[in-house]
Structure formats: C-alpha cells, structure tokens
Amino acid sequence: MKNTLQNKMVFQVEGLHHSFFTKKKEETKVLEGIDFKVFENEFVAIVGPSGCGKSTILNLMSGLLRPTEGSVRLRDKEMDTVHSSIGYIAQSDTLLPWRTVRKNVEVGLEIRGIDKTTRKQKSIELIKKAELEGFEDAYPHELSGGMRKRVDIIKVLAVEPEIIFMDEPFASLDVFTREILQKYVLKVWSEDRRTIVFITHDLTEAITLADRIFILSQRPAKLKSTHCIDLERPRDPEELKFNPRFIELYEGIWKDLKSEVEMQVKEA
Amino acid sequence: MKNTLQNKMVFQVEGLHHSFFTKKKEETKVLEGIDFKVFENEFVAIVGPSGCGKSTILNLMSGLLRPTEGSVRLRDKEMDTVHSSIGYIAQSDTLLPWRTVRKNVEVGLEIRGIDKTTRKQKSIELIKKAELEGFEDAYPHELSGGMRKRVDIIKVLAVEPEIIFMDEPFASLDVFTREILQKYVLKVWSEDRRTIVFITHDLTEAITLADRIFILSQRPAKLKSTHCIDLERPRDPEELKFNPRFIELYEGIWKDLKSEVEMQVKEA
Amino acid sequence: ADNNEEESVAPEESSEEVAEEVTEDKELTEIVVAELRSEFWIQAYLADSLGFFEEEGLEVEFVTTTDGPVAFQAMHAGSSHFTMLSTEPVLRAQDQGLESTILLSTLQNKPYMLIGAEGIERVEDLKGETIFAGMPGSAPYSFAVSILEKHGMSEEDVEWAQMEYGASLGALENGHVAAIYLRSTAKDEAAAINANIIVDVSDSQQHEEIYGTERYESSIIVGTKEFVENNPEEVQAFVNAIVKAMAWLEDASNEEVVEMASEHFQGRGITADQIEYLRPSLNPDGMITEAGHETIIAFCMEEGIIERDISFGEIYDLSFLTDAIEMILE
Amino acid sequence: MKWLNLTFTNAKELGIRLSGFVILILFWEFAVRIGWLNPFYTSQPTGVYYDLIEFYESGQLWRHTSVTLKEALWGLFFGSVAGIVVAFILGFSQNLAKVFEPLITGLYGIPKLALAPIFVLWFGLGIESKIIMSALLVFFLVFFSTYGGIQDIDRNIVRSIRLMGATPFQIKVKVYLPATVPWILAGIKGGLGASLIGAIVGEYMGASAGLGWMISYATSFFQVERVMSCIFILFMIGVIFNGILKTFERVLLKWRAPTDFDQPL
Amino acid sequence: MKWLNLTFTNAKELGIRLSGFVILILFWEFAVRIGWLNPFYTSQPTGVYYDLIEFYESGQLWRHTSVTLKEALWGLFFGSVAGIVVAFILGFSQNLAKVFEPLITGLYGIPKLALAPIFVLWFGLGIESKIIMSALLVFFLVFFSTYGGIQDIDRNIVRSIRLMGATPFQIKVKVYLPATVPWILAGIKGGLGASLIGAIVGEYMGASAGLGWMISYATSFFQVERVMSCIFILFMIGVIFNGILKTFERVLLKWRAPTDFDQPL
Ligand SMILES: Nc1ncnc2c1ncn2[C@@H]1O[C@H](COP(=O)(O)OP(=O)(O)OP(=O)(O)O)[C@@H](O)[C@H]1O
Ligand SMILES: Nc1ncnc2c1ncn2[C@@H]1O[C@H](COP(=O)(O)OP(=O)(O)OP(=O)(O)O)[C@@H](O)[C@H]1O
Ligand SMILES: [Mg+2]
Ligand SMILES: [Mg+2]
C-alpha cells in the first residue's frame with residue numbers, strides 16, 4: 001500500500017449494489033454494498049468464489065453495466081459510458097471469428113486510426129511475445145484454447161490502455177506460458193505506470209502480482225477483506241514461492257477465504 | 001502404476017501422428033508419434049505446453065478426429081466413430097444456449113431415453129453438488145463463467161460414462177469450488193471403477209488426482225515422459241501439499257517440464 | 001336481390017332452398033364457367049341473377065382468370081364446363097388440335113375504342129407515337145393495326161407499348177403513351193382524363209369502316225367439343241338461360257340491368273352509363289353470322305394466329321341457340 | 001383477442017407501431033388534396049374509407065378476405081414445414097445439396113404467373129391450387145433461411161451432443177432445430193408476405209372469390225378505391241401476422257440474451 | 001469463364017450438380033411420350049429445344065434475355081444494398097423498428113401486380129420501373145434476413161469492441177457487418193430468384209421487350225414451347241447466379257470452420 005495515499009485516485013467505488021432480473025422479473029442479488037478505491041499505478045487483484053460477482057464488478061467499473069444502486073467514479077467523474085482508456089480482457093472469448101490472429105490483434109489499433117505499417121509492426125511484436133509465431137494468418141477456430149486466450153490478451157494490450165482490467169486471463173495457460181505473460185504484464189505495468197485490476201482464482205498469482213487483494217464473500221458479494229501485499233518489487237514469480245513473507249501472506253489469505261466458505265457451510 | 005499390469009487395457013494409442021491443414025493446404029504438424037496405453041480404472045493426467053496438442057489427443061481418442069497416421073484402439077477395436085461410453089468434458093463451452101441449466105444437465109439422459117422423473121431427480125442432485133441451487137431455470141447467458149463450466153461438467157457426469165475425458169475442467173473455478181468437484185470426481189471414479197483421462201495445467205491438481213501423468217513436449221508433440229504417482233489413496237488435496245513425497249514428485253515433474261521449455265529457448 | 005346475395009355467400013345452402021321452392025324435385029346440376037369478368041358477357045350474369053339458370057336446373061359458378069387463354073385451358077383441362085372469352089384464342093387452339101364448340105355470341109361487334117392524349121385527335125396524329133393496344137395477336141392489337149392500315153399506315157409506323165390493362169389510363173395521362181385502346185363502355189373514364197376518342201367501333205358505321213362488316217361476333221361462350229357432344233341437355237339448358245336473359249335485357253331499363261347485375265359487379269363495377277354505351281353492341285339473339293365469321297378468320301390468318309381456314313361448321317354449333325330461340329322468343 | 005394483448009403491451013406501444021402507417025395515410029390524403037396525386041389513379045384515404053364501409057356492409061368484405069386468409073394460412077403452414085424439412089435434408093447431405101440447391105434457386109426465379117396454365121391444369125381452379133401456390137412461395141423463403149442457419153451452427157455444440165451418443169435424428173431435433181430457430185423465424189417473417197402474395201397470384205390464375213380475385217376484377221374496371229381497399233386489408237393482415245409472429249418469437253427466443261444494453265450503441 | 005472454373009471445380013462436380021435437372025428433363029419428355037402429360041399445355045423438352053434454336057437464330061433470344069438480365073442485376077444490386085442499409089438502421093433503433101417493421105411486413109404482402117397502375121404512372125414504361133420492381137422484391141428478402149442476423153449477434157464480441165472505444169459506426173462496420181454476412185448471403189440467395197421475378201413482373205406491367213414480355217406474348221398465342229423456352233432461360237440464369245453467389249460465399253466465409261467432419265452426422 002506504499003504508494004496509495006500520495007497517489008491519485010483512479011476509481012472510487014461506493015455503495016455498489018447490483019441485481020440481475022430474469023425476464024420473469026425474479027431478482028438475483030449479486031453485489032450488496034461494495035466500497036473500494038483504486039489508485040494510480042496500483043495493481044489490484046480481486047479474489048472470490050465462483051459466481052460471486054467479480055466479473056459483474058468489472059462490468060460495472062468499465063461502464064458496460066449501470067449499477068442498481070451506488071456509484072463508480074473514474075477520476076472523479078461518474079461512469080456513464082465505456083471509456084477507451086480502459087482495456088478489458090474479458091472472461092469469455094471475444095475474438096472476431098472472421099479475422100485472422102494478426103487482424104484480431106490489430107482491431108483496437110484500427111479503431112484508433114493507427115496506420116497500417118505501425119499496426120503490423122506492433123501486432124507482429126506482440127504475437128511473438130505471446131509465442132504465437134506462425135499463427136499470424138490462422139483463424140480463431142484453428143487455435144487451441146490457450147492460444148485463443150493469448151490472442152485475446154495481446155489484442156487488448158496492443159492499444160496500450162492506461163487502465164487494464166483482466167478477468168482470469170491466465171487460467172487456461174500452462175505454467176511457463178503463464179509466467180512469460182505475467183512477466184510481460186508486470187513489465188508493461190511498472191514501466192508505463194498503468195493501473196491494473198485483476199481477477200484470479202490463483203492465490204499465488206494474486207500475491208505475486210498485486211499490491212492489494214480484495215477478497216469477496218459469497219453472492220450476494222460484500223467486500224470481506226483487503227490484504228496489502230508488502231513484498232518487494234520487482235518480484236520474481238519463481239523465487240517468491242520460497243519467500244517466508246509470501247508463505248505467511250498466502251496462509252493468511254487462505255484462512256480468510258476458508259472461513260468464508262465454512263461460514264457458508266454452517267449457514268446451510 | 002500398481003494396478004496397471006493386471007488390469008485390462010482400455011486405450012491403446014500407437015504411433016499417433018496428426019496434422020491440420022489450412023484451406024491453403026499449409027500443414028501444421030501437431031502430434032508426431034505418440035504411444036501410450038490407458039488401463040481400466042486408471043486416472044491419467046496429460047500435461048504440456050499450451051497449444052501442443054493435448055486437446056487434439058482427446059479428440060482423436062474420442063473418435064471426433066481421425067489421425068493422419070497411427071491408431072487409437074478402444075478395447076482392441078479401432079476407433080472409427082464416437083462412442084457413447086466416453087464422456088467428454090470439452091475445453092470450450094458446449095452448453096445449449098436455449099436450454100435452462102436443468103435441461104442442459106438432462107440432455108444426455110434425454111438422449112438415452114431416461115424417463116422424466118429420474119432425469120429431474122438426477123439433475124437436481126448434480127446441480128446441488130455443483131453448488132448451483134437456485135439457478136436450475138437460468139439460461140446459460142445468465143451464468144458466470146465458472147458456473148457455466150460447472151454445468152458443462154455435471155452435464156457429462158450425469159450420464160455416468162464408463163470413460164471420462166476432461167479438458168482443463170476446473171481452470172476457471174476458485175480453489176474451494178474446485179476442491180469440491182475434484183473430490184466428487186474422485187469419488188465417482190473410485191466407487192464405480194471409471195477410467196479417466198484428464199488435461200490440466202495445474203501440476204498440483206495432476207499429482208493429487210492422477211495415477212500416471214503424461215508430459216508432452218512442445219508442438220509437434222511427442223510423449224516426453226511418464227510419471228507414476230505412487231501416493232496412497234484416498235488422497236486429501238489439502239493434506240497432500242505437505243506430504244514430502246508429493247513435494248518430491250512435484251519438483252521432479254517441474255524440472256522435467258522446465259527442461260523442455262529451456263530446450264525450446266535454446267533452440268530458438 | 002337479397003336472396004341472390006345470400007346465394008353467393010353460401011351457395012350450397014341456398015341451392016337446396018331454391019330446389020325446394022322450385023318444387024321440381026330435380027337436384028341442380030353444377031356448372032362451372034371460366035371467364036374474364038367483363039360486361040361483354042352481361043347476359044350470362046343476368047341469367048344467373050335472374051334465376052334463369054335455376055329454372056333450367058343449373059347452378060352456375062363463375063371462375064375468373066387472368067387471361068382468356070388461361071380460362072380456356074382450364075376448361076380443356078376439365079376444371080370448367082364453359083368458357084367466356086374472345087374467338088381468336090379459340091380458333092388458334094382449334095388449329096392446334098384442341099377442339100371446341102362455340103355456342104353463341106353475346107355481342108355483335110367489338111365495343112372497342114382508340115383514345116388519344118391531348119393533341120392526338122385523328123389517326124394520322126399517331127405516326128411515330130407510342131400506343132398501347134394489348135399484346136400482339138390480341139383482339140385489341142389487331143383492332144389498332146386495322147385502324148392504322150385503314151389510314152395508310154402500317155404496324156411499323158408506331159411504337160407499341162405493353163402494359164397491364166389497368167395501367168393504361170395512367171400511362172396515357174402521364175404521357176407515356178399517345179393513345180390506348182379502351183372498351184367503349186369506359187367512355188366515362190376516358191372523359192375523366194380528358195382523352196379524345198379517335199375511333200369507336202361500337203358505332204356500327206365506324207365498325208364497318210374498319211372491318212368491312214357491321215358484325216364481328218367475337219365475345220363468345222364456348223364448350224369443349226367433347227362436352228357439348230356428350231351433354232346436350234346441360235348445354236341446352238345453359239343456352240336457354242342465356243337466351244332468356246337476352247330477351248329480358250332487350251326490355252329492361254339500364255337501371256334495372258345495373259340493379260340485377262350488381263351482384264356480379266360489386267362496388268361501382270357497373271353503371272347505367274356503361275349499359276347505355278354497351279347497348280349498340282349487344283347481340284339481341286346470340287346469333288353468329290357467316291360474314292362475321294369470315295371477317296374473324298381473315299383477320300386471324302392475316303395476323304398469323306391461325307394457319308388454316310376453319311370452317312363455320314367446324315367451330316360453331318348454333319343448333320342449341322336456334323332451339324332456345326324457338327322455345328323462348330317465339 | 002388474447003395475443004393482441006401480448007403483442008402490443010399497451011395502447012402507447014400500439015400507437016408507436018402504427019404511427020408510420022398513420023403518417024403514410026395522412027400524407028396520401030394530403031398529397032391528393034393539394035393535387036400532387038391524382039385520385040383517379042391512387043384514390044385517396046377518405047375514398048377508400050367509404051369504399052371499405054360499402055365493401056363491409058355488402059357482406060362481401062369478409063367473404064373475400066376469409067377465402068384469401070384461409071389459402072394464405074394453409075400455404076404458410078405447408079410451405080414453412082416443407083421449407084424446414086427440405087433444408088434439413090439438403091443441409092445434411094452434401095450430394096443431395098449439390099443436386100437440388102441449384103435446382104431450387106433456379107425454380108425460384110421462374111415467374112409463377114407464367115405457370116398459370118400448368119397450375120390450372122394440374123391443380124384445378126379450387127382452393128388447392130391457391131394453397132399450393134402460396135406454399136410454394138413460402139417454401140423458398142423458409143428454405144433459404146433455414147439452409148443458411150444449418151451452415152452457421154456452432155460445431156462444438158454438435159460435437160458435444162454427438163459424443164453423448166445422440167443419433168443423427170436426435171442431433172437434428174435437439175441441436176439443429178433449436179439453433180436454427182432464429183433463422184427459421186427470419187424466413188417465416190418473409191414468408192408471411194409471401195403466403196399472401198401466393199394466395200393472390202393463385203387467385204389471379206383463376207378463382208371465384210378472394211381478395212386477389214377482387215383486385216383483378218376491380219383493376220379491369222378502373223375501381224381504384226376497391227383495389228386500394230383490398231390492398232389495405234392485405235396490409236392489415238400482414239401487420240397482424242407480423243404481430244402474432246413477434247409473440248411466437250418472444251416465446252421461442254426467450255433464451256437469448258436481451259439485445260439492448262444499458263447504453264445505446 | 002473464370003468463375004465457372006472456381007465454382008464447378010471439375011466436370012464431375014458439374015455433372016452431379018446438373019443431374020437433378022437432367023433427370024427432370026428426361027422424365028418430362030418421357031411423361032409426354034407415354035401420354036401422361038399433354039404437350040399442348042406442358043410442351044416437351046425436344047419441342048423446347050427446337051424452339052430455343054429458333055429463338056436463338058432469330059436473334060431474339062439474346063435481345064430479350066439481356067433486357068431482363070440487366071433489369072434483374074440492377075434490381076439485385078439496389079435491392080440488396082437497400083435491404084442491408086434499412087436492416088441496419090432499424091436494427092439499431094428500437095423505435096424506428098417499432099414503426100417500420102410492421103409497415104415493411106405489411107407492404108411485402110401486397111401483390112405487386114396490383115400496383116401496376118401506380119407503378120406505370122410514377123415510373124413510366126422504361127427500364128426504371130422494372131429495376132425498381134426487381135429491387136423492391138429483393139429488398140424485402142435481404143431486409144428480413146439481415147435484420148434477423150442483427151438480432152442474433154454475439155453480444156460479448158460487440159462489448160469487447162465497444163470497450164476498445166469504437167464509434168457506433170465502427171462497431172457496425174467491424175462487427176455487425178461481417179457477423180451478419182452469413183445472414184445477408186442467405187437473403188441474397190433468395191434475392192436472386194426474386195430479382196428475376198421482379199423484372200418479369202415489371203415487364204408484365206408494361207414493357208416492349210424482355211423475357212416477361214415474351215412469356216405473356218407467347219401465352220396469349222398458346223405458344224407453350226416459347227413459354228417453356230423463356231422459363232428454361234430464367235432457370236439457367238438462376239442456376240448461374242447461384243453458382244456465382246457460391247463463389248462469393250466461399251471467399252466471404254472462408255473464416256468459418258468447415259461444415260463437414262470426418263464422420264457423417
Ligand atoms: N446477464 C446476466 N443475467 C442474469 N444474471 C447474471 C448475468 N450475469 C451474471 N449474472 C449472475 O450474477 C452472478 C455473478 O456473476 P459474475 O459473472 O459476476 O460471477 P464471477 O464472480 O465472475 O464468477 P466466475 O468466477 O465464475 O466468473 C451470478 O450468479 C450470475 O448468475
Ligand atoms: N481445427 C483446427 N484447424 C487447424 N489447426 C488446429 C485445429 N485445432 C487445433 N489446431 C492446432 O493444433 C495445435 C494443438 O491444438 P490443441 O487444441 O490440441 O492444443 P492444446 O494442447 O489443447 O492447447 P491448450 O492447452 O492451449 O488448450 C495448435 O497449434 C492449433 O493451432
Ligand atoms: Mg467471472
Ligand atoms: Mg486444449
């Protein structure tokens with residue numbers, strides 16, 4: 001949390017409630033009073049049970065959804081539409097099936113009116129980073145699950161957004177590919193002072209990457225607790241595992257999460 | 001590997017080669033000579049880099065694809081079509097968007113002509129197991145990513161197939177939900193003598209669940225090595241982590257995988 | 001009229017009622033007539049409305065088709081018993097081996113007009129202009145050609161446009177064409193768009209000028225040869241009813257005719273004016289003359305509609321008509 | 001009428017839906033009044049209104065409308081079923097598709113009115129010929145649409161159901177049919193109009209009643225009002241059909257994520 | 001002809017594609033010969049063949065065919081463009097859709113031939129009126145199909161592109177348009193036939209040349225052979241159009257996973 005106070009606030013989430021309604025008007029309460037702030041150049045991870053409302057929070061913060069109650073403010077302005085300063089790597093596959101890998105990576109650049117050669121250069125570079133050489137001209141249906149996800153990630157990174165939202169981006173990648181991309185994201189984040197909000201189910205990953213971790217409760221989700229990760233940067237994912245502070249943090253968060261589940265079980 | 005020799009052989013994979021061709025007839029070599037056997041009541045995990053050909057192996061073993069070369073034999077018969085004795089939890093989302101959760105879970109039972117009340121009973125039971133109560137009548141687009149995956153899993157388990165293929169089934173689930181389902185799969189497997197082939201990127205998961213782990217090399221994939229997991233059963237995922245044999249196995253496999261990656265890097 | 005209306009709504013029910021009323025225990029014979037709905041066959045509709053068909057033991061249903069030839073083919077295909085159309089297609093079909101028998105004619109000449117747009121008042125004005133008179137080979141087309149030839153021009157001297165008949169008035173007024181063919185009964189419509197009547201052959205003098213005769217009995221009722229030979233009673237009954245209507249029509253006022261026929265000409269379909277315009281062309285007894293026949297044959301051969309001469313006896317059988325006239329008019 | 005309640009949830013909704021139509025009518029009347037349009041050819045709404053009343057009071061309106069409606073509804077039914085069935089047969093047999101797809105496209109381009117003599121010959125002048133004509137036109141539209149839908153299906157879903165041991169028939173019923181519903185509905189939406197046109201064309205060929213009969217009769221007598229009355233009735237039938245289809249659509253596609261997001265696109 | 005090579009990769013393929021047609025022809029000839037069909041109404045293939053030769057040698061065949069072809073092609077073009085554009089406009093405005101969708105369905109059900117007087121009045125007797133008629137028919141088909149496609153789009157993809165800061169226009173061009181291509185193509189496949197019918201109906205309304213004119217001329221002369229010759233030409237145009245469209249389809253949809261798996265379904 002070292003920098004948070006002197007840093008400018010990017011997001012201010014206040015009293016966020018959200019419910020979905022089925023066509024028969026039945027209510028599903030998803031969020032029940034969420035408050036938090038995200039500061040400039042912060043790396044925040046959100047952890048919580050499946051189906052608790054993590055993706056919903058990102059949808060609200062990105063302006064895709066309007067909250068039933070409460071507010072999301074981006075740099076002191078109410079979110080009322082989507083902002084192109086936010087890059088959102090969504091949970092579901094959002095590749096354009098009629099575009100090749102390269103064309104998919106370039107789509108954001110096209111939208112911004114970047115010229116052809118710059119586009120090509122950039123996309124080739126990122127495709128290399130994601131270890132997808134040789135598949136530049138493949139269509140999405142010709143890729144493996146993990147490859148598709150990688151294209152999805154670099155497609156968003158290509159436009160170099162100030163703020164990056166990631167919804168379980170690395171879940172379908174093997175450890176090594178994942179590490180490569182984690183390192184790349186860390187590099188991008190630290191070099192260019194990006195702000196990142198990150199959803200993951202992998203505690204190790206969350207601790208390795210984040211400044212703060214928000215733990216959500218079961219649906220309807222409340223913010224159960226916030227953990228500050230005071231590990232030195234730069235962090236090396238591999239070494240970190242044997243760092244005693246890491247293990248301490250891991251166990252603390254684990255217990256926190258576990259108590260939530262047990263409470264749930266008791267209730268039932 | 002304790003039981004493998006006296007047990008009957010279920011799958012025999014021999015000299016498996018597979019290539020994909022683009023519409024322009026360009027070749028992508030995916031598998032290059034894979035040989036292995038899977039025995040009755042065995043739990044096999046397949047681990048390998050993203051895009052190496054794991055899903056392709058399952059597609060070949062399930063009869064969805066025909067190999068370019070080599071053969072897959074199921075109980076001594078050449079695979080020439082799909083077999084309903086195999087339940088395949090695929091990597092991509094395969095829910096029927098026009099069916100509610102319950103109806104999706106029941107689809108396999110419907111196909112087998114099971115009567116309505118049994119179907120309903122079974123599906124309700126499984127929905128409970130997957131912690132999806134209250135969403136029986138929700139449509140897939142109203143579910144979170146993890147919830148959708150869970151429906152996908154229990155949809156296949158509902159028909160109680162003899163042989164189960166799973167392609168990264170738990171990747172998008174939080175630790176606790178994942179543990180619940182892992183336990184359930186283990187229970188199903190041990191009680192009813194199922195044969196399971198399992199793809200994962202999570203080594204801990206692979207070691208916790210499997211009898212043997214196949215490590216695949218980079219594309220074009222070869223079978224790099226096979227690790228037998230000689231941990232006692234039943235295994236408790238939580239305790240296992242502190243078991244020294246577990247840690248030993250983990251490190252062995254880790255090194256194995258790492259050497260593969262390093263070789264790759266050297267080559268390049 | 002009420003009774004008749006009901007009949008058209010529910011023909012089966014009312015036919016039973018009528019059968020009882022008539023007290024002849026005989027069931028009505030169903031007769032289907034394929035036709036083009038037109039006042040040229042007004043006698044047939046009147047025969048229906050006046051109940052003459054019922055008196056003869058027939059129940060007639062009129063089936064309207066797009067085109068005379070279609071109606072005619074429908075009859076030969078067994079879908080109807082009689083067809084009401086022009087003579088020309090019948091002759092052509094006869095030439096091609098589809099044998100028919102013409103029973104009578106409802107008109108004695110062609111109530112056709114050629115009307116012109118502003119500035120087109122005489123036939124000579126048509127030179128180089130575009131005109132509409134139906135398809136080549138149709139009666140209106142040959143009518144227009146005859147007019148041109150009578151005035152020293154040929155088919156090539158004008159442009160021929162083709163269009164839906166209903167569109168012709170609009171085309172004339174908008175200047176797409178300089179002249180169109182129109183039925184003589186549509187004089188009111190012609191007046192409504194300030195068109196000039198160039199030629200009107202319902203006027204017998206003008207008719208003779210163009211065709212060389214006063215008669216040109218081409219609005220006919222026809223049956224297949226086979227049907228006429230095998231069902232003389234039905235044919236006789238049918239002809240009887242029409243002859244009765246012809247007799248009635250002679251004495252009826254225009255308004256009476258309109259009232260009786262309105263059932264078959266809904267809305268403003270028929271007006272007293274139209275009947276008035278039609279009167280000069282009405283065939284009082286349905287007879288077809290040799291002279292008329294020869295004119296038609298000559299014309300058809302000239303136009304290439306038929307290749308051989310078809311004799312009067314081959315195509316007409318007026319015995320039913322003469323019998324009917326004897327029985328009814330005398 | 002129950003479905004009307006379902007379709008037009010309230011009067012305001014109905015108002016919006018009909019506003020285009022009302023504006024059209026007003027414009028038409030206006031254009032005639034100030035002399036842009038000549039009522040002799042285009043008639044005018046007030047004239048049509050009086051003619052409709054007369055048409056109605058003479059008892060003829062319902063008679064002709066019901067004839068055409070019956071033909072169109074049967075045509076819509078048979079045509080849709082045939083279109084779906086044939087699309088499914090060709091969609092699953094590459095070879096049959098190769099043989100019949102060009103045939104069907106070719107046949108569609110043949111003007112049906114040109115077939116009048118053959119139609120009358122084979123199917124007579126009764127209601128059958130109109131139903132067949134109507135079904136024929138509907139068939140083509142539903143066929144093209146359904147066939148397109150079959151090509152567009154998500155292969156992963158098909159695979160998963162195949163793997164569960166579904167028979168080819170079960171795959172069709174449980175996957176292809178529901179998945180192509182949006183396509184079939186798009187086809188039927190076109191088919192609504194086509195069914196009416198088919199009935200009308202059939203009546204042109206030869207009939208003793210029906211709106212098509214009335215139109216061709218009224219045209220040859222230059223009764224523009226009556227032609228317009230018939231067109232108005234056909235138009236209203238089309239609108240009502242569309243309303244009913246919308247209700248079906250709502251029920252059949254209730255599984256679909258809503259199309260409107262919180263924000264406008 | 002290059003595209004023919006593309007379409008029918010070889011003679012065998014062409015053979016399969018035309019086999020249905022050939023069988024139809026043979027059956028027709030056979031049925032006439034043994035007396036099932038009366039050649040007076042249906043003609044017979046040999047008769048049609050001789051008539052086609054005569055038609056060709058008189059120089060009339062190409063004249064009439066080219067007129068109709070030109071009308072149909074322009075109609076197809078304008079109709080498709082209008083259908084796509086209107087579908088996009090209504091697809092993105094709930095309110096406009098509410099106003100115009102019923103209007104369009106209603107208008108589609110109006111028999112176009114009944115509008116002949118108005119058509120001729122407004123558009124005259126030149127080629128414009130036929131192109132408009134042809135475009136009108138194509139419009140409806142392409143509209144219904146495209147509109148259906150817009151409703152069926154994957155919302156996640158749209159969201160992702162919106163989030164990248166795409167303008168509404170960019171979203172339409174980069175997402176909706178390519179995503180609806182399969183739907184648009186299905187609509188145009190129907191539109192091929194419709195464009196021909198539109199041209200023919202236009203010619204019925206008023207013309208001095210074209211296959212529609214020829215058909216109505218030949219009908220009134222009981223020249224069944226000639227009618228069949230024209231129908232045959234129209235049929236072949238439809239087949240060729242379909243072949244060209246297939247080539248387009250192959251190029252435009254090359255991104256789609258192949259429809260045939262290793263195993264038959
Ligand atoms: N469009 C929707 N309509 C109705 N309910 C929805 C919709 N989207 C999400 N929900 C519900 O909201 C809840 C939270 O969903 P969300 O996607 O935010 O979960 P999540 O925390 O991201 O879970 P996961 O880790 O599985 O992705 C779920 O119960 C889901 O059923
Ligand atoms: N339908 C296809 N057409 C062409 N190439 C394909 C196709 N399916 C897979 N491939 C290629 O085969 C290779 C292996 O794919 P596969 O899906 O088996 O990978 P995987 O090991 O499952 O990877 P992941 O862990 O990312 O799911 C990839 O390079 C992919 O591009
Ligand atoms: Mg989520
Ligand atoms: Mg995979």
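This one's a predicted model, so the numbers in the text were calculated from it and none came from an experiment. By convention in this document, chain letters (A, B, ...) are assigned in the order of the sequence lines, proteins followed by strands, and residues within each chain are numbered from 1.
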Given a strict heavy-atom distance threshold of 4.5 Å, which part of [X] is in contact with chain E: side chain, backbone, both, or neither?
X: D/Ile200; answer: side chain
X: D/Ala194; answer: both
X: D/Phe241; answer: neither

Heavy-atom distance under 4.5 Å to chain D: side chain of [X], backbone, both or neither?
X: E/Leu103; result: both
X: E/Tyr204; result: side chain
X: E/Glu101; result: both
X: E/Met228; result: side chain

Q: State the CZ-CD1 distance between D/Arg159 and D/Ile171, to the nearest 0.5 angstrom.
A: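 Result: 12.0 Å between the selected atoms.
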
Q) Honestly, is E/Lys172 close enough over E/Phe92, meaning NZ or CZ under 6.0 Å from the six-membered ring centre and within 45° of the axis? A)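 Yes, cation above the ring, under 6.0 Å and within 45°.
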
Q: Could you tell me whether the side chain of D/Arg155 reaches within less than 4.5 Å of the side chain of D/Ile153, counting heavy atoms only?
A: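 D/Ile153 vs D/Arg155: side chains touch.
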
Q: For residues 179-198 of chain D, pull every pair meeting ring pair (Phe, Tyr, Trp, His ring centres under 6.0 Å), keeping only residues two or more places apart or in separate chains.
A: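 Sorted pair list: D/Trp183-E/Trp183.
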
List the atom pairs, with distances to 0.1 Å, where a side-chain N or O of residues 111-119 of chain D and a protein N or O form a donor-acceptor pair under 3.5 Å, not counting sequence neighbours.
unit_1: D/Lys112; atom_1: NZ; unit_2: D/Tyr108; atom_2: O; d: 3.0
unit_1: D/Lys112; atom_1: NZ; unit_2: D/Ile110; atom_2: O; d: 2.6

Q.
Using the salt bridge (charged side-chain N to carboxylate O under 4.0 Å, His left out) criterion, which residues pair with E/Glu225? Sequence neighbours excluded.
A.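 Partners of E/Glu225 by the salt bridge (charged side-chain N to carboxylate O under 4.0 Å, His left out) criterion come out as none, since no residue qualifies.
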
Q: Kindly give the heavy-atom pair with the smallest separation between D/Met133 and D/Gly202, and that separation in Å.
A: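 Residues D/Met133 and D/Gly202, closest heavy atoms: CG-N, 3.9 Å.
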
Q | Which atom of D/Gly91 lies closest to which atom of D/Gln151, heavy atoms considered | A |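 Distance-wise, the nearest heavy atoms are CA-NE2, 4.5 Å.
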
(Q) Does anything in residues 137-145 of chain E reach chain D? List residues with heavy atoms under 4.5 Å apart, or say none. (A)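 E/Leu141, E/Phe144, listed by number.
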
Q: Establish, from distance only, whether the side-chain atoms of D/Glu203 and D/Ser216 form a donor-acceptor pair under 3.5 Å.
A: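 D/Ser216 and D/Glu203 do not have a side-chain donor-acceptor pair below 3.5 Å.
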
